[in-house]
Amino acid sequence: MTETSPAFMMGLTLPDVDSWSERVVVALGQNPGMFTGPGTNTYLVGTGPERILLDTGDGRPEYLPILARALEHAGDVRIQEIVLTHGHPDHIGGAASIIETHGALRVSKRPWAEMDERHAVTVQPIDDGDVVRSEGATLRAVHTPGHAEDHLCFVLEEEGALFSGDNVLGVGTTVIPPFGGDLGVYMRSLDRLLAEEPTVIYPAHGPKIEDGRAKLREYIDHRHEREQQVLEALDAGLASIEAIVKRVYAAYPEALHSAAAWTVTNQLLKLEREGRVGRDGEEPLAARWRRA
Ligand SMILES: [Zn+2]
């Protein structure tokens, strides 16, 4: 807990190693950036001499000494096995180098061939409802696609807490990528997580979220509000994504508008799948949009 990672966005700094509960130690992946905030949180979970490692960072060598310090901080423990929330590179990317350093470890995730095969790890398939146990910790997988189709969140039964992966973040908002993402599916995943009524949320990026239910409601309300604003912009006769962004994000700096264009595109694609809007033009970003 002596060093901190570089400040990123809103001056946020997090310790490299920290205890977030009696059974949760966080080790910060040293990969700050636009999509990762202060970096990817990796978690040692359990209370015994061997702990589950949840997520692995992106594979940069600076992470390995941080992980070593986290194992020491947790009481000179070892890694029992690796469990992954999903196959994006900042979560799976560190698995190979950790195995190289710490020896053969099982790596469990929900398979997603196109993503998994880019990394030199053999994946043990787990899926919705599966449970991974360590002394003092029971992790139950909840399939929550939308940000990524293989995405699993994990309920930590002993705390009623939730490891939310990239579905709920401690900083910023979840990106719905063009490949493997789907906003409508993501919204259903948020509803599913709210039904779990989590106490605390341990996100994959950013600080611990003390009131998980309130944060989930905030996420759900925010997306609904945006959807309403996009529909209102269409009703006002705006048809291009650029014009819709200018209206909906009028209060935000122009520098954020290109990211906002993706958010609006996702909203429109969701509404299109629901049959509520239509478009002229193949390419979503360049199309003319209208109410169906
Ligand atoms: Zn991700």
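All ligand and atom numbering here is 1-based and tracks the order in the structure.
- The existence of a salt bridge linking Arg276 and Glu227 is confirmed by a sub-4.0 Å separation between a basic side-chain nitrogen and an acidic carboxylate oxygen.
- The pair Lys215-Glu218 counts as a salt bridge, with a side-chain nitrogen and a carboxylate oxygen less than 4.0 angstrom apart.
- Nearest N, O or S atom of His88 to the Zn ion (ligand 1): atom ND1.
- At least one N/O/S atom of His147, whether from backbone or side chain, sits less than 2.8 Å from the Zn ion (ligand 1).
- As for Asp166, its N/O/S atom nearest the Zn ion (ligand 1) is the one called OD2.
- Between Arg247 and Glu242 there is no salt bridge, since none of the side-chain N atoms of the basic residue sits less than 4.0 Å from a carboxylate O of the acidic one.
- Screening Lys270, Arg273, Arg188 against Asp182 for a side-chain hydrogen bond (donor to acceptor under 3.5 Å, both in side chains) leaves a single residue, Arg273.
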